[in-house]
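All remarks here apply to the structure that follows.
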Amino acid sequence: MACGLQIKDEDSGYNKNLFCIPKHYEEDIERVFIPHGLILDRTERLARDIMQDMGSHHIVALCVLKGGYKFFADLLDHIKALNQNGDKSVPIAVDFVRIKSYCNDSPTEKISIVGELSALNGKNVLVVEDIIETGRTMKALLSKLKDNEPKMIKVVSLLIKMTNRSSGYRPDYIGFEIPDKFVVGYALDYNEYFRDLNHICILKEKAKEKYKI
């Protein structure tokens, strides 16, 4: 079973004053939860693991928007470096799909999948996700992808939440396993704000009210 770097409930993160936080968010952030450098190091290792498993056949990397775009870009940079410097290399195609399942900080019952997928028949598909909580969204996406009859589907998620709301689904590759906290930054948002933070951070409760829709 896939394992990620586990962050426990008692791990409260780091003092935000030790990091560079944009001025417009300084009052909204409680703590830095996962620093940017640690994210990049873990992403580099994930790229190596993925290429070891999937690097013998054309890969279609499918980015789940919007929250996955930063992780997707950095992961593909590492995969590209392995392609350039390794003894073997494979073509990497990219595609994008948008899924919406949150309003404010709560999952909604309705899951909408937006975007026409390119032909995936007989190809290795790598789904790149930012965070998996209940697993319902990913299961819905995988069901749609399987209709396209790919050769293989693997899922990599930067984060998974350790929550009793989970359906039990676990992706093939996991960056970090985190407690049941609402986090933002590194393209994870709260109502479209905070995507421009480099670090993954914990929001203050009053910030949720400030940016609530």
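As a basis for the values below, the full set of heavy atoms in this structure was taken, side chains included, without hydrogen atoms, waters or symmetry mates. Positions are given from 1, in the same order as the sequence printed here.
Other residues, nucleotides and ligands contribute more than 12 heavy atoms inside 6.0 Å of the OH atom of Y69. Residue Y193 places its OH atom among 12 or fewer non-hydrogen atoms of other residues, nucleotides or ligands, all under 6.0 Å distant.
Note on R170 versus E177: salt bridge recorded, some NZ/NE/NH1/NH2 to OD/OE distance being below 4.0 Å. A salt bridge links E192 with K66: the closest approach of a Lys/Arg side-chain nitrogen to an acidic carboxylate oxygen falls below 4.0 angstrom.
Each of V184, D28, L203 was compared with Y211 under the side chain to side chain contact (heavy atoms under 4.5 Å, CB included) criterion, and only D28 meets it. Evaluated for a side chain to side chain contact (heavy atoms under 4.5 Å, CB included) with L62, the options L120, V94, L145, I153 yield exactly one hit, L145.
D74 and Y186 share a side-chain donor-acceptor pair at under 3.5 Å.
Considering only heavy atoms from C-beta on, D172 stays 4.5 Å or farther from V156 through its side chain. The side-chain heavy atoms of E129 and I132, taken from C-beta on, include a pair separated by under 4.5 Å. A 4.5 Å side-chain heavy-atom check between F72 and L75 finds every atom pair outside the cut-off.
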For K139 and L142: C-alpha separation, side-chain torsions, deciding distance, then whether side-chain contact (heavy atoms from CB on, under 4.5 Å) applies. CA-CA 5 Å; K139 283 183 175 180; L142 291 175; 5.7 Å; no
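Cluster annotation: M162 and I200 are assigned to distinct hydrophobic clusters (Ile/Leu/Val/Met/Phe/Trp/Tyr, side-chain heavy-atom contacts under 4.5 Å, transitive).
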